[in-house]
Amino acid sequence: MVQTPLETYINENEKRFLEDLKGWLRIPSISTLPEHAGDIRRAAEYAANQLRTIGFEHIEIIATQGHPLVYADWLKVPGKPTLLIYGHYDVQPVDPVDLWESPPFEPTIRGDNLYCRGACDDKGQTMLVFKALESLMTVNGALPVNVRVLIEGEEEAGGASIDHYVRTYPERLKCDAAFICDTGMPTRDVPALTYGLRGITYTEVEVHGAKRDLHSGMYGGVAPNPLHALALIIAGLKDAEGHIHIPGLYDKVREPSAEERAFWRDDPLNSTALLLEEMGVSQLSGEAEYPPLERIWARPTLEVHGIVGGFVGEGAKTVIPAVAKAKISLRLPPDLRSKEAFSLFERRVKELAPAGVEVTVRDIHGGEFVLVPIDTPPMQAAAAALRETYGRDPVYIREGGSIPIAALFDAILGVPVVLMGFGLPDDNLHAPNEKYSLSQFFKGLRTVASFLQKLG
């Protein structure tokens with residue numbers, strides 16, 4: 001088969017594309033840690049330089065009250081659709097560092113995988129989009145559609161700045177569809193389009209007891225213990241079978257369609273076995289009356305992410321802590337809204353608090369669910385591109401995670417949101433040894449290029 005000029009260009013430049021990704025990955029752009037503010041700025045500038053090299057115009061690093069946004073556009077094909085492309089350049093913290101097999105910000109190839117924080121989420125996925133744009137622009141002298149690009153640096157820290165920007169300046173982002181490459185596939189051989197995401201409410205529960213830490217011998221038996229109070233609260237929020245005990249929470253959960261229920265029940269993806277293998281556990285937890293896919297895609301969940309309080313060093317210290325904190329989140333399927341869920345959560349936490357302590361519940365950040373119709377022209381163009389690259393029709397899936405910007409584009413811009421990504425379940429997102437499959441990176445690049453052509 002004779003190669004097209006586009007395929008020839010991609011083949012000849014794969015090594016350079018990978019080096020450009022590595023350069024971005026070496027910047028420790030951890031958005032939640034203030035000491036990395038300079039790194040965040042460098043990562044934003046790196047993205048802007050990539051877009052400048054491609055040939056985009058009106059490139060701007062937009063200052064916000066948090067981390068900067070990067071905007072660029074190329075609007076030179078009248079009559080063609082305009083696509084808004086989103087990505088994020090910030091990454092999660094790397095703790096615990098001692099579990100990394102190679103330094104978390106030194107890109108390292110082992111087998112088919114590139115290991116580094118951000119390799120998949122989301123620098124790797126955003127870079128493959130940049131390189132698809134570059135390939136089309138270089139080979140054809142133009143893009144097949146009009147494109148706006150908006151890249152943020154706070155996705156891993158709540159996304160407040162981009163939320164404010166989109167709500168304040170929707171006319172600057174006028175488009176016919178949005179594209180987010182921040183999702184994945186069930187396996188490397190089964191392409192997927194994501195049509196549903198859960199929302200999220202992320203909270204901090206702080207419990208105060210005495211005015212200072214106390215000696216457990218002198219005060220044990222009469223002093224309130226904030227750590228024990230937290231344990232009672234958490235135990236009251238969710239039982240051992242995974243049922244959440246927050247009155248009103250389940251009242252608005254949307255019933256899935258019969259087709260969805262059948263897909264989840266029949267489990268053609270063999271998700272139970274895959275989940276057990278990925279997690280390295282012997283048994284799935286949660287609401288056993290629902291199949292695993294429904295549990296992680298379409299049911300509310302409550303998880304405790306961390307507890308702080310008292311003495312945790314080596315040896316012993318018989319202290320009753322004055323303060324204890326827990327980070328707790330809820331994942332929210334349709335039609336649960338984050339603010340409403342937070343109110344129900346806060347009320348329940350205070351009901352469960354034992355006498356003698358003071359409890360404060362903070363709403364750290366939230367985001368809404370999204371459901372995307374699968375019959376729109378942008379979704380069908382994406383499906384055709386995946387079919388071309390992978391040789392089979394994609395499956396349409398929901399994901400249990402949250403991408404608040406997808407719901408925001410849906411609500412504010414009123415356009416279809418294409419959620420097409422190339423991550424794999426074992427990519428260790430948010431965990432040590434995050435990775436990205438090199439074959440997925442290059443297949444993704446080719447798929448995105450095809451998607452843009454078919455959309456045009």
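Just the heavy atoms: all of them, side chains too, but no hydrogens, waters or symmetry mates, feed the values below.
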Ignoring hydrogens and angles, tell me if any N or O in the side chain of [X] forms a donor-acceptor pair with the backbone of [Y] under 3.5 Å.
X	Y	value
E134	T53	no
Q125	T183	yes
N146	P78	no
D427	G423	no
R398	Y195	no
R337	L332	no
R198	R331	no
K327	E204	no
T203	I328	yes
E12	Y9	no

Is it true that the NZ or CZ of R348 lies under 6.0 Å from the centre of F345's six-membered ring and within 45 degrees of the ring axis?
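Relative to the ring axis of F345, which defines the angle, R348 lies outside at least one limit.
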Whether the [X] and [Y] side chains hold a donor-acceptor pair (N or O, under 3.5 Å, no angle test) is what I'd like checked.
X	Y	value
D112	S437	yes
E152	Y89	no
S29	K123	yes
R188	S439	yes
R148	Y71	yes
D90	H36	no
T8	Q3	yes
S329	E303	no

Can the ring centres of Y202 and H305 be said to be less than 6.0 Å apart?
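Ring centres of H305 and Y202 closer than 6.0 Å.
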Using ring centroids (six-membered ring only for Trp), state whether F451 and F179 fall under 6.0 Å.
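Judged by ring-centre distance (under 6.0 Å), F179 and F451 do meet the cut-off.
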Could you go through R295 and E287, starting from their C-alpha distance and side-chain angles, then the distance that decides it, and tell me whether this counts as salt bridge (charged side-chain N to carboxylate O under 4.0 Å, His left out)?
CA-CA 7 Å; R295 280 182 248 170; E287 302 170 293; over 6 Å; no
Where [X] and [Y] come nearest, the two heavy atoms and their spacing:
X	Y	value
L284	T272	CD1-CG2, 4.0 Å
I412	V166	CG2-O, 3.7 Å
L455	P81	O-CG, 3.6 Å
I244	L249	CG2-CD2, 3.7 Å
D375	Q380	CA-NE2, 3.9 Å
A119	L25	N-CD2, 3.5 Å

Are more than 12 heavy atoms, taken from residues, nucleotides or ligands other than [X], located less than 6.0 Å from that residue's [atom1] atom?
X	atom1	value
E278	CD	yes
E289	CD	yes
Y169	OH	no

Apply the test side-chain hydrogen bond (donor to acceptor under 3.5 Å, both in side chains) to residues S31 and E156: give CA-CA distance (whole Å), side-chain angles for both, the deciding distance (0.1 Å), then the verdict.
CA-CA 7 Å; S31 54; E156 305 291 6; over 6 Å; no
Whether [Y] and [X] form a salt bridge (side-chain N of Lys/Arg under 4.0 Å from carboxylate O of Asp/Glu) is what I want to check.
X	Y	value
E101	R110	yes
D426	K435	yes
E340	K252	yes
E171	K174	no
D335	R254	yes
E19	K15	no
R26	E106	yes
R117	E434	yes

Measure the spacing between [atom1] of [X] and [atom2] of [Y] and express it to the nearest 0.5 Å.
X	Y	atom1	atom2	result
L133	L51	CG	CG	8.0 Å
E260	S257	CD	OG	3.5 Å
N49	R52	CG	CZ	5.0 Å
D20	K22	CG	NZ	11.5 Å
C175	L413	SG	CG	5.0 Å
T194	M185	OG1	CE	10.5 Å

Note, [X] side chain near [Y] side chain (heavy atom, < 4.5 Å):
X	Y	value
I397	L193	no
F369	P333	no
T201	H365	no
I10	L445	yes

Pair L386, M420 - check side-chain contact (heavy atoms from CB on, under 4.5 Å), show working.
CA-CA 9 Å; L386 287 166; M420 179 173 64; 3.7 Å; yes
From CA spacing to verdict: salt bridge (charged side-chain N to carboxylate O under 4.0 Å, His left out), R265, E294:
CA-CA 8 Å; R265 183 189 63 245; E294 185 166 0; over 6 Å; no
Between R299 and Y250, does a side-chain contact (heavy atoms from CB on, under 4.5 Å) hold up when you go through it step by step?
CA-CA 9 Å; R299 296 290 297 167; Y250 290 112; 3.2 Å; yes
According to side-chain hydrogen bond (donor to acceptor under 3.5 Å, both in side chains), does anything in residues 447-456 pair up with another residue at least two apart or in another chain? List the pairs.
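As it turns out, the side-chain hydrogen bond (donor to acceptor under 3.5 Å, both in side chains) pairs with a partner in residues 447-456, which skip direct neighbours, are E388-S450, E388-K454, T389-T447.
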Mutual orientation of the aromatic rings belonging to H245 and H243 [parallel < 30°, tilted 30-60°, perpendicular > 60°]:
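Perpendicular.
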Evaluate the ring planes of W264 and W297, with Trp represented by its six-membered ring, and classify them as parallel (under 30°), tilted (30 to 60°) or perpendicular (over 60°).
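Geometry flag for W297 against W264: perpendicular rings.
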Tell me, with the steps shown, if F56 and V147 meet side-chain contact (heavy atoms from CB on, under 4.5 Å).
CA-CA 9 Å; F56 274 78; V147 175; 3.8 Å; yes
Kindly indicate, with the supporting measurements, whether the criterion side-chain contact (heavy atoms from CB on, under 4.5 Å) is fulfilled by N13 and K131.
CA-CA 9 Å; N13 287 277; K131 295 312 179 184; over 6 Å; no
